[in-house]
Each structure stands twice: as structure tokens, then as C-alpha cells.
Amino acid sequence: MKIIRSVQMMMKEVANVNKKIGFVPTMGFLHAGHLSLVKEAKQENDIVVMSIFVNPLQFGPNEDFERYPRDEQQDAKVAEQHGVDILFLPTVDDMYPDELGIKMTINQGTDVLCGRSRPGHFDGVITVLTKLFHIVQPNHAYFGLKDAQQFAVVNTLVTQLDFPVQIVGLPTIREGDGLAKSSRNVYLSKIERKEAKSLYLGLKLGQKLIVDGIKNPATIIKEVKKFISINSSGKIDYIELLSFPNLKSITTINQQVILAVAVNFSNARLIDNVILNEEGSFIDRIS
Ligand code: AMP
């Protein structure tokens, strides 16, 4: 595995490569969720590039940029073991050498869910991905549907601005008790870790209600909220049921939907979701 730290070197590397490039952008502290994206990328491309970059632009002033977990050595080892060909580890100074004189803003699908709770977050996401797509020039880029709003936003970016990349959304990888794998899980206390499974259990309860024929989003949200608040000490930021991928509010379930939740624990904000068809069956891959 080649490790590249400079933007210029990375651009040089892919300039005349003539191979299909699969790209997995991450913020590191790798876990099985990230590695599932690598596995898929390996099957569909000639080479796999993974980036690890904790992007300051997508963190708000009171968020966890400084204490976001980092372990470069371990990540490099794991990436190599899982067949990553190029690990791109740019520095903040190399990615943003000057104060940005361009501001990218995404308005579609960002007035809900994390977009509402984290103003500017998705502007930071589309800015860094625009840069990374230009630098890496992938044929395919792989994203986890755990961050479903991010997937929807990236979909808008690449389709509306004609990026020559195909994006692929892949299933959420979970711990044995259902908790979605996340780099931030290390910041849960022992008790919170036990409670955290209630996010997914709550979502599954909502899913079952849809399977049972409940069509009213408000009824489902009420039940999921009740379940999560009884079973966890975390503070619910949102529970929403929206159309997917256009993330519009709906009054009845008659199309593909997302049921999504965000909960603030004492030192970690966790998100999770399920994407369901009209009948309540799980959708876990989008390409
Ligand atoms: P992050 O490092 O958290 O920015 O995540 C990098 C990529 O991995 C994003 O596309 C995430 O959606 C994806 N990802 C993170 N956690 C999971 C998970 N539990 N299952 C599948 N994909 C994930």
C-alpha cells in the first residue's frame, strides 16, 4: 500500500493511471463500516484509494473537531490488511492553504435532520468532497447509508454539478446488539454503550409499525420517541420520517422513506436510520 500525504503527489499519481479507481473517503479511526466500503470498492475497480481527513470545515465551533478520535498508525495497518492500494492522508494546511475565497452552499435536503442541527455541516462536506473528487478522480465513490443525509447531499452534488463519478450507498454495519458502528462510539460510557442499542431497536419498532400498516408518520415517530426516551439517558435531538432521497416531509407513507434519529449522549452524538420502501422492507444499497 502506498501512503501519499501531499495533494500534488496524489494528483500526479492518478494523472495517467488508466485504471478504474474506487474511492472511499473517511475521517479515519477505521472500523468494520469503513472496511465494508473498501471490500465493495475492491470488487468493482482496479485500484482502491482511501482518504483519511478530519475536515475542519464540516465541524461547528462547539463540535468535536479537536477531540475526534485519530489513530493514523493503526488505520494504515488496517487499510493495508484490507487491500487499500493508496492511502491518502492530506494535512489541513495542504487541503486549505489559503483562506477559502469560495463558499459552497447546499440548500436541497439540508433543512431537516443533521442539516438543521448542524448548520453549515453539509456545506463543509460538499466542499471537501469536491476537492477530493478533483484530486483523486474516482470512477466510483463509496458511502455508508448510516450517513444517509450525507449520501443524499453528495448525490445532489454529483448529479447537479455533473461530476464524472458514480456514487454507491452501502448498508450500515452494526455491532452484535444493533448499534451502528461509529468512530464516536468510543466516547460512550459503559452505561451509555448499553443504552445506545435503543436507537436501532427504536428504528426497528418504527419499521414494524409500517409493516403492520401504519401510514401516519406522526404515530410512528411518537412510538419511536417513547421507546428511545424510556431506554436511554441520551437527549433526543431529532426523530424524523421523511421521503428518501429527497428528504421532504410527508403526511402518509406511500413511497420510499427514511426513519432517522440523532441522540446526544454526554460525550458523543449518535445518528442512525433505516431506509424503507412503502411496505416497510429495508433498502440497504443504493447505486
Ligand atoms: P466517517 O469516517 O465517519 O466520515 O465515515 C466514512 C464513510 O464510512 C462514510 O461514507 C460513512 O457513511 C461510512 N460509515 C461510517 N460508519 C459506517 C457503518 N457503521 N456502516 C457503514 N458505513 C459506515
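Just follow the structure's listing: the first ligand is 1, and inside any ligand the first atom is 1. Note that the coordinates shown come from a computational prediction; the quantities given were computed from them, not determined experimentally.
Between L113 and E240, the shortest heavy-atom distance links the atoms N-OE2, 2.9 Å. Closest approach of H34 and V24 over heavy atoms only: O-CG1, 4.3 Å.
When the heavy atoms of H34, Q150, R184 are ranked by distance to atom 2 (O) of ligand 1, first place goes to H34.
The neighbour count for K215 NZ, taken as heavy atoms of other residues, nucleotides or ligands under 6.0 Å away, is above 12. Residue Q8 qualifies as open at atom CD: its count of foreign heavy atoms under 6.0 Å is 12 or below.
The protein non-hydrogen atom at the shortest distance from atom 20 (N) of ligand 1 is I173 N, 2.8 Å. Protein heavy atom at the shortest distance from atom 22 (N) of ligand 1 is G144 CA, 3.5 Å. Closest protein heavy atom to atom 14 (N) of ligand 1: D147 OD2, 4.2 Å. Shortest contact from atom 16 (N) of ligand 1 to any protein heavy atom: H31 CE1, 3.2 Å.
Residue L170 places no N or O, backbone or side chain, under 3.5 Å from any N or O of ligand 1. At least one N/O-N/O distance between M27 and ligand 1 falls below 3.5 Å. In terms of polar-atom proximity, defined here as any N/O pair under 3.5 Å, Y142 makes no such contact with ligand 1.
Residues F59 and E66 fail the side-chain proximity criterion, which asks for heavy atoms closer than 4.5 Å. For the pair S117/Y238, a side-chain contact is recorded, criterion being any heavy-atom separation below 4.5 Å from C-beta on. Counting heavy atoms from C-beta on, the side chains of L179 and L188 come closer than 4.5 Å.
Here the side chain of S232 pairs no donor or acceptor atom with the backbone of S198 at under 3.5 angstrom.
Contacts of L37 with ligand 1, taken as heavy-atom pairs under 4.0 Å, involve the side chain alone. Looking at F53 against ligand 1, nothing comes within 4.0 Å, counting heavy atoms. Residue contacts with ligand 1 for R174 are absent, since no atom lies close enough (heavy atoms, distance under 4.0 Å). Contact annotation for P171 and ligand 1: only backbone heavy atoms (N, CA, C, O) come within less than 4.0 Å of the ligand. With a 4.0 Å heavy-atom cut-off, ligand 1 is reached by the backbone of P25 but not by any atom from C-beta on.
Distances below 4.0 Å separate heavy atoms of F143 from the following atoms of ligand 1: 10 (O). Short contacts between ligand 1 and T26, defined as distances under 4.0 Å to a heavy atom of the residue, involve ligand atoms 2 (O), 6 (C). Near K181, with a cut-off below 4.0 Å to any heavy atom, the atoms of ligand 1 are 16 (N), 17 (C), 18 (C), 19 (N). Within ligand 1, counting atoms from 1 as listed, the ones closer than 4.0 Å to a heavy atom of Y68 are 3 (O). Short contacts between ligand 1 and K146, defined as distances under 4.0 Å to a heavy atom of the residue, involve ligand atoms 16 (N), 17 (C), 19 (N).
Among Q166, E40, E44, the single residue meeting the side-chain hydrogen bond (donor to acceptor under 3.5 Å, both in side chains) criterion with Y142 is E44.
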task = In sequence, state the C-alpha distance, the side-chain angles, and the governing distance for E195 and S233, and then conclude on side chain to side chain donor-acceptor pair (under 3.5 Å).
result = CA-CA 7 Å; E195 296 171 349; S233 59; 2.7 Å; yes

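Taking the ring centre of F143 as origin, the terminal cationic atom of R285 falls outside the region bounded by 6.0 Å and 45° from the ring axis.
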